[in-house]
Amino acid sequence: MTTKTKKINSKKSQLQTTYEPKKVEDKIYKTWEKSGYFNPDKLPDKKSRKKSYFIPMPPPNATGILHLGHSLMLAIQDAQVRFHRMRGEKTLWIPGTDHASIATQNVVEKLLLKKGVTKEDLGRVNFLKEVDKFVKDSKNTIKTQIKKMGSSCDWSRERYTLDAGMTEAVQTIFVNMYNDGLIYKGWRMVNWCPRCVSTLADDEVDHKEIEGNLYYIKYPIKDGGFLIVATTRPETMLGDTALVVNPKDKKYLDFIGKISQVPLTQREIPVLSDSYVEMEFGTGVLKVTPGHDPNDFALGKKHKLDVIDIFDDMGKISDKASEYHNFAKYKGLDRFEARKKIIDDLKKEGSLVKIEPHKHNVGHCYRCKTIIEPKISEQWFVSVNKKIRGGKSLKQKAILAVKDKKIEIIPEKFNKTYFNWMNNLHDWCISRQIWFGHRLPVYYCGDCENTMVQIKRPKQCAKCKSKKIKQDTSTLDTWFSSGLWTFSTLGWPKKTKDLKEFHPASLMETGYDIIFFWVARMIIMSEYALKTIPFKKVYLHGLVLDKKGIKMSKSIGNVINPLKMSEKYGADATRLSLIIGNSPGNNLKLSEEKIASFRNFSNKIWNISRYIILNKKDKKPASKKLTLPDKWILKKLENLTKDVTQHYEKIELSLAGEKLREFIWGDLADWYLEISKTQEKDVLNQVLKQVLILSHPLLPFLTEYIWETAEFKKGPKKLLMVEPWPAITKASKNKPAQVEKEFEMLKSIITSIRNVRAEYKIEPKQKISAVIYSKEEKILTSVKPAIEFLSGLSHVTIKKTGEKPENSSEIILKKASIYIPMGDLTNKEKEVERIQKELKNAKDYKLVIQKKLENENFIKRAPENIVKEEQKKLKEQNMLIKKLEEKLKL
RNA sequence: GGGCGAUUAGCUCAGUUGGAUAGAGCGCUUCGUUGACGUCGAAGAGGUCAUAGGUUCGAAUCCUGUAUCGCCCACCA
C-alpha cells in the first residue's frame with residue numbers, strides 16, 4: 001500500500017458511505033446559533049447589506065405539538081430567508097407563539113377535567129396560572145421543533161402574543177380605535193357557543209349540513225281555526241313573538257291581524273304579514289323567534305316585536321324566562337332535551353301534525369364543534385364600515401391595498417376570494433367570554449356605571465370620583481392580537497429602529513385556510529395603526545394531507561409526525577418532500593415513501609461530495625485546457641444558477657428543487673462525475689461548491705455539513721449560510737449552445753452503444769470494441785476515454801470515414817455511424833428487426849414534419865425561424881432514413 | 001343558491017408568453033458485486049393530455065358548452 005492510498009483511506013474512515021443526519025443536525029444548528037447570523041444586526045458585511053428582508057413567522061398556537069403543516073411553512077420561509085440572507089440582504093425572521101385563547105383554554109380545561117377539576121373550581125386567577133404553566137411547556141416544545149427543522153429565525157427577537165410588549169400594543173390600538181369611534185359596544189345577535197360560554201366571530205362558525213327534521217305544529221287562532229307552522233327547532237317556540245305570512249298568500253289573507261296562541265304556553269302572539277316569508281317553503285307560515293335566529297331578529301326589529309331569550313349562557317332553558325313566560329316545567333333543560341320534551345308534549349296535546357326529514361345547514365363552533373346558538377348579547381365590535389381618515393372605511397382600505405396591487409397575493413386566484421369576503425364583511429365581534437386572553441382595557445364605575453377606556457386602570461371614576469372600579473370581564477378575540485403581528489413583533493407602539501427598518505414585511509407566508517381569520521385582519525390593523533400595508537406579498541400554502549388525500553387526524557391514525565420523519569430520514573429530506581411537488585394554494589399529498597425518496601437524494605449528494613472530497617487533488621484545469629465535458633458542465637451550472645435564482649425569487653421552490661435534482665443527479669452524478677474519472681484534471685470541486693450554495697436554502701443541514709467537511713472556506717465567516725450568492729453571468733449564447741450540442745452527441749453515442757449491449761445481452765464484464773465514423777472526429781477523439789469507459793468498450797476507433805467492419809451491429813445517428821463488431825454474437829434477424837424499428841420511428845417523425853411543411857399556411861404565417869427549423873429537421877430526417885434503408889439492403 | 005379551482009403514465013405531480021414525437025419522481029419489467037453511493041447504476045414498458053365544439057399555420061396550453069371531483073362563501077324557517 002502506498003502512502004497516498006493510506007492517506008485517503010484514513011480520511012475515508014471518517015467519511016461514512018451513508019449520510020447520517022441524526023448525528024450532524026443538532027450540531028450544525030448550534031453552530032449557526034452561535035454564529036449570531038440569525039440576527040440581522042450580527043450579519044457579516046453589514047455595510048453592504050442595504051436592502052432589508054423580513055418575514056414574521058406565523059405564530060403556532062401555544063397548544064403544543066407541531067404538525068406537517070408547520071413544517072411546510074417553516075421549510076418555505078426558511079428557504080426564502082436563507083436565499084435572501086445569502087444574497088446580501090439584511091434578513092430577519094421573527095419566531096413566536098400565539099396564545100390562541102379559545103383553543104388553549106379548551107385544551108387546559110380538558111386536561112383539568114381528566115383530574116376531575118373544572119375551571120370554575122379553580123376560579124379565574126388560579127385557572128390562568130394553570131394555563132400559563134401549560135403554555136410555558138408547550139412553548140419550549142414548539143421552539144425545539146422549529147429548531148429541528150433547521151429554521152434560521154432570530155431567537156433573540158422571539159415573541160408571544162401575550163407578552164408585555166404585545167399586550168401594550170393590543171391595549172394601545174384598542175384605545176385608539178375606541179377614541180376614533182371604530183370600536184363600540186352594543187346589543188347584537190351574536191354566535192354563541194354554549195360549551196365555550198362565549199361569543200364567536202362570524203368566520204369562526206363552521207356551517208355543516210345535518211340531517212334534521214321539519215316539525216309541523218298547529219297554532220290555534222283565537223277567533224277559531226288554526227295555522228300550521230313548519231320549524232326545524234320546535235323548542236324555540238317558547239320564545240315565539242309572532243307568526244308571519246306572505247301578504248300575497250291568498251290562503252292566509254283572513255288570518256292577518258288575528259291573535260294566535262303559542263301551544264304549551266298559551267302565550268298570545270299576533271299574526272303579521274311580511275313579504276320576507278317564502279310561500280313555497282313549509283306551510284308558508286313562519287314563526288318568529290327574535291331571540292334565537294338572526295333572520296327572526298331582523299324581522300322582529302322591523303315589526304317591533306318583543307325579544308325573549310329562552311336560554312341561559314350554557315344553552316339551558318333559563319330560570320328567569322321560564323317563570324316569566326309560563327314554561328317553568330322546562331326550566332334547566334338543555335336545548336336538545338327541551339326539544340324532545342316539547343315534541344312529546346305537543347304530541348300529547350295533539351298539536352304536532354307531522355314530522356318530515358329535512359337537511360339543513362347548522363353552525364358549529366370551529367373549536368369544539370358544538371352547535372352554535374344565535375343569541376342577543378351585549379358585546380364589543382369593530383366597525384368596518386365607519387369612514388375614517390381620507391373618508392374611507394377599514395373595509396375599503398383593506399380592499400384597496402390589494403386592488404391597487406400594493407399587496408400581491410400568491411396564487412392570484414385568492415384575490416377573488418379575498419374581495420368576495422371583504423365586500424360581505426360585517427362588523428367584527430371582538431369580545432369573548434373566555435378567561436384566557438387579553439383583558440379589554442375597559443373599566444366601569446361601580447357607582448355611576450361610567451365607562452372608561454384607557455390603558456391604565458383608573459384610580460377613580462372620572463365622573464363621580466368613586467373608587468369602585470371594575471374591569472370588563474371579557475377578553476379579546478385571539479385574532480385581534482395576532483392581527484398586529486407584523487408590527488407588534490417589531491416593537492410597536494414604540495417607534496423602534498426595527499419598525500423603521502423592517503416594516504412592511506417582505507413576505508407573509510401562511511395557510512390559505514386562515515386568509516380571512518388572519519391575513520385580512522392584519523391588513524385592516526396595519527392600515528389603521530400604521531397607515532400602510534403589513535406586507536408586500538402573501539404566499540398561501542395548502543394543507544398537507546395523507547397519501548390518499550385525507551386530512552391527517554389522530555382518530556383515523558394517518559398522522560405523519562414531522563419530528564419522527566426528521567429523525568428517520570433527516571430534516572432536509574422532510575423539507576424537500578414538502579417542497580417538491582407542491583405549489584401555492586394547492587393541497588399536498590404526502591407519504592413516508594416520498595420522504596424516503598428524498599433521503600435517497602440527500603444520500604446521493606453526500607456521496608457525490610464524498611467522492612469529490614476524497615479525490616480532491618488541486619487538479620483544476622487551466623481555462624484554456626477545458627475539455628468538452630468541463631465546458632458542458634460549467635455551462636449547465638451557469639444555466640442552473642440562473643434558473644434556480646429566478647425560481648427562489650418568485651418563490652417557485654418546487655421548480656428550484658426539481659432543477660437542482662435534475663442537475664445534481666442527472667448531469668453531475670450520472671455524466672460529468674463518471675467522465676471525470678477518465679480525465680487528469682476536472683472542475684468537480686468548483687461545481688460542487690456552487691451546487692452547495694444553490695441548494696443551501698432547501699437542504700441547509702446537509703449542505704452546511706459538506707461545506708464544513710470539504711473545508712471550502714476557512715476563517716470566521718466560513719459558514720455556508722452566509723456565503724455570497726453567485727452572480728448570474730451573461731455569457732455569449734452561441735458558443736455554449738455549440739458545447740451543448742456536441743455533448744448531446746457524445747451522450748447519444750454512449751447511450752446507443754449501451755442500448756445495443758442491452759439488446760444483445762452482452763455482459764457488462766465482457767469488453768467489446770467499436771468503430772465510429774463521424775465528421776466530428778476531432779471532438780470525439782478528445783473524449784475517447786470517456787466513450788470507452790461509459791459504454792464499456794475495450795477500445796474505440798474514431799475516424800472521419802471508413803469501411804464497414806464485418807459482422808458488426810450498426811448504429812446510425814445524425815452525426816455519427818457506430819459499428820460494433822459482434823463476432824459470434826452476430827444475429828442477422830435481430831439486427832434487421834432493430835433497424836426496421838428505427839426506420840419506422842424515423843419515418844413516422846418525418847411524416848409529422850412533412851405534414852407541417854406541406855401546409856401552405858404554415859409556410860406563409862408561421863415565423864420564419866420556425867419554418868426554417870422544420871425544414872432543417874426534414875433534411876436531417878431524410879438523411880437518416882436514407883442511411884437506414886441502405887443498411888437494410890445489405 | 002353564489003363563487004373558485006381541478007381533470008396529463010398504475011400513483012404523485014411538472015409543463016413559462018401557444019411552436020419538435022408531452023416530462024420527472026415513485027412503482028413496474030430486464031440486466032448488473034465497474035474502488036462515491038445497492039439509500040446505487042444501465043436499458044425498457046407505460047399517456048387519444050376528462051369530453052364535445054371553436055379560435056389559430058399550429059392547442060395539454062386560449063375561448064365556449066358538458067361530465068366528474070374538490071374547496072370556499074351564504075340567514076329559507
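So that the names make sense, note that chain A is the first sequence line, chain B the second, and so on, each numbered from 1.
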> So which one's nearest nucleotide on RNA chain B is more toward 5', A/Gly284 or A/Thr417?
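Nearer the 5' end of the strand: A/Thr417.
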
> Is there a donor-acceptor contact under 3.5 Å linking the side chains of A/Asn246 and A/Ser275?
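Their side chains do not contain a donor-acceptor pair, so the 3.5 Å distance test is not met.
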
> Could you tell me whether the side chain of A/Glu593 reaches within less than 4.5 Å of the side chain of A/Lys547, counting heavy atoms only?
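Counting from C-beta outward, A/Lys547 and A/Glu593 do come under 4.5 Å.
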
> Heavy atom of residues 272-283 of chain A under 4.0 Å from RNA chain B: which residues?
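Those residues whose heavy atoms fall under 4.0 Å from RNA chain B, taken from residues 272-283 of chain A in numerical order, are A/Tyr276, A/Val277, A/Glu278, A/Phe281.
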
> Apply side chain to side chain contact (heavy atoms under 4.5 Å, CB included) to A/Glu838 and list each qualifying residue two or more places apart in sequence or on a separate chain.
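A/Arg834, A/Leu884.
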
> Reckon A/Thr289 touches a base, only the sugar-phosphate, or nothing at all at heavy-atom distances under 4.0 Å?
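Here A/Thr289 touches no strand at all.
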
> So which heavy atom on A/Arg661 is nearest to which on A/Phe601, and how close?
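Closest pair (atom of A/Arg661, atom of A/Phe601, distance): CA-CZ, 3.6 Å.
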
> Could you tell me how far apart A/Leu540 (CG) and B/rC71 (C1') are, to the nearest whole angstrom?
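Answer to the nearest Å: 14 Å.
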
> Output the single nucleotide from B/rA36, B/rA14, B/rU12 whose closest atom is nearest the side chain of A/Ser583.
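So the side chain of A/Ser583 is nearest to B/rA14.
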
> Any heavy-atom pair between the side chains of A/Tyr512 and A/Lys413 that's under 4.5 Å?
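Sidechains of A/Tyr512 and A/Lys413: no contact.
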
> Only Watson-Crick and G-U wobble pairs, only distances under 3.5 Å, only runs of 3 or more: what stems does that leave for RNA chain B?
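For RNA chain B the paired stretches long enough to count as stems (3 pairs minimum) are B:1-7 with B:67-73, B:10-13 with B:23-26, B:28-32 with B:40-44, B:50-54 with B:62-66.
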
> Rounded to the Å, how far apart are A/Ile664 CD1 and B/rC40 P?
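Taking CD1 of A/Ile664 and P of B/rC40, I get 15 Å after rounding.
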
> Any idea which heavy atoms bring A/Ile217 and A/Val353 closest together, and the distance?
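Minimum heavy-atom separation between A/Ile217 and A/Val353: C-CG2, 4.5 Å.
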
> Of all the nucleotides listed (B/rG41, B/rC4, B/rA36), which has the minimum atom distance to the side chain of A/Tyr611?
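My answer, after comparing the listed nucleotides, is B/rA36.
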
> Taking the side chain of A/Lys761 as its heavy atoms from C-beta onward, which of B/rA36, B/rU30, B/rC73 lies nearest to it?
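So the side chain of A/Lys761 is nearest to B/rU30.
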
> Can you measure A/Ile762 atom CD1 to B/rA43 atom P for me and round it to whole angstrom units?
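Taking atom P of B/rA43 as the reference, CD1 of A/Ile762 is at 15 Å.
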
> Given salt bridge (Lys or Arg N to Asp or Glu O under 4.0 Å), test A/Arg233 with A/Glu373 step by step and report yes or no.
CA-CA 11 Å; A/Arg233 299 193 58 194; A/Glu373 189 60 50; 2.9 Å; yes

> Counting only heavy atoms and a strict 4.0 angstrom limit, can you tell me which residues of residues 231-238 of chain A come near RNA chain B?
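Per residue number, the list reads A/Thr231, A/Thr232.
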
> Given atom CZ of A/Arg661 and atom C1' of B/rA24, what is their separation to the nearest angstrom?
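One finds 6 Å between C1' of B/rA24 and CZ of A/Arg661, rounded.
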
> Heavy-atom nearest nucleotide on RNA chain B for A/Asn857 versus A/Thr18: which residue maps closer to 5'?
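Here A/Thr18 is the residue nearer the 5' end.
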
> Return the residues of residues 594-608 of chain A meeting this criterion: a heavy atom under 4.0 Å from some atom of RNA chain B. Order them by number, or give none.
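Listed by number, they are A/Arg599, A/Asn600, A/Asn603, A/Lys604, A/Asn607, A/Ile608.
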
> Reading nucleotides 16-23 of chain B from the 5' end, what letters show protein touch, with B for base, S for backbone sugar-phosphate only, - for no heavy atom under 4.0 Å?
---BBB--

> Rounded to the nearest Å, what distance is computed from the NE2 atom of residue A/His364 to the P atom of nucleotide B/rC75?
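After rounding, the gap between these two atoms is 15 Å.
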
